[in-house]
Amino acid sequence: MKKDCYEMWAKNKYYVLSKSHKVYLEIREYLKNDDLNFQVLKEKIRKVELIKDSKKDFENAILHIWGYFKKDASETEKSTLFNLLENYKLDKASQIDIIKYINKLLEKYPNEYLKNSRLLLGEDNEIMA
């Protein structure tokens with residue numbers, strides 16, 4: 001049961017973080033329990049779907065993801081991402097623009113953990129177990 005919960009969390013954590021840092025921290029705290037319930041975790045993740053997007057929380061999630069690339073990515077790739085984030089804050093770029101760019105980085109710098117991330121696969125993906 002714990003393994004299933006951790007797998008589901010791995011796939012959904014950046015999506016949750018992109019919607020609400022507060023809920024992200026609450027779920028992390030929940031996962032410290034010995035008696036985890038898969039359905040309870042699934043419901044906690046599902047509730048975040050109803051939360052209105054927050055530029056601050058989305059940017060925070062992208063910066064966490066950037067951490068996987070920062071050692072390998074070029075200065076140009078870094079500045080492209082950070083310019084996209086600035087434009088996003090000014091409503092001149094969308095979350096989709098940024099996610100597409102992160103996915104391009106993921107093609108160049110493969111990462112097994114990130115390739116299954118719901119945030120990068122698209123919000124339309126059902127909570128993945």
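In what follows, residues are counted from 1 in the order of the sequence shown.
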| query | Does the side chain of Met1 reach to within under 4.5 Å of the side chain of Asn37, using non-hydrogen atoms? | reply | no
| query | Do Leu81 and Phe69 have side-chain heavy atoms sitting under 4.5 Å apart? | reply | no
| Yes or no on side-chain contact (heavy atoms from CB on, under 4.5 Å) for Ile62 and Tyr14, after CA distance, side-chain angles and deciding distance? | CA-CA 8 Å; Ile62 294 300; Tyr14 291 119; over 6 Å; no
| request: Given ring-ring contact (aromatic ring centres under 6.0 Å, His included), test Tyr24 with Trp9 step by step and report yes or no. | output: CA-CA 10 Å; Tyr24 171 84; Trp9 179 237; 5.6 Å; yes
Crowding at [atom1], [X] (>12 non-hydrogen neighbours, <6.0 Å):
X: Lys2; atom1: NZ; result: yes
X: Lys47; atom1: NZ; result: no
X: Ile96; atom1: CD1; result: no

| said: Apply side-chain contact (heavy atoms from CB on, under 4.5 Å) to residues Asn12 and Leu119 and explain how you reach the verdict. | reply: CA-CA 7 Å; Asn12 286 280; Leu119 180 62; over 6 Å; no
| note | Rounded to the nearest 0.5 Å, the NZ atom of Lys42 sits from the CG atom of Asp4 at a distance of 11.5 Å
| side chain to side chain donor-acceptor pair (under 3.5 Å) partners of Lys32, counting only residues at least two apart | Glu29
| query | Residues in salt bridge (Lys or Arg N to Asp or Glu O under 4.0 Å) with Glu107, at least two apart? | reply | none
| Distance only, no hydrogens: is a donor on one side chain within 3.5 Å (strictly under) of an acceptor on the other, for Thr80 and Asn83? | no
| request: Determine, step by step, whether Asp53 and Lys19 satisfy the side-chain contact (heavy atoms from CB on, under 4.5 Å) criterion, reporting the C-alpha distance in whole Å, the side-chain angles of both residues, the deciding distance to 0.1 Å, and the verdict. | output: CA-CA 6 Å; Asp53 287 340; Lys19 298 290 259 178; 2.8 Å; yes
| said: For a quick test of reading the model, state the closest non-hydrogen atom pair linking Asp57 to Ser20 and the distance between them. | reply: OD2-CA, 3.5 Å
| request: Take Tyr88 and Phe58, measure what ring-ring contact (aromatic ring centres under 6.0 Å, His included) needs, and give me the verdict at the end. | output: CA-CA 10 Å; Tyr88 170 68; Phe58 179 77; 5.1 Å; yes
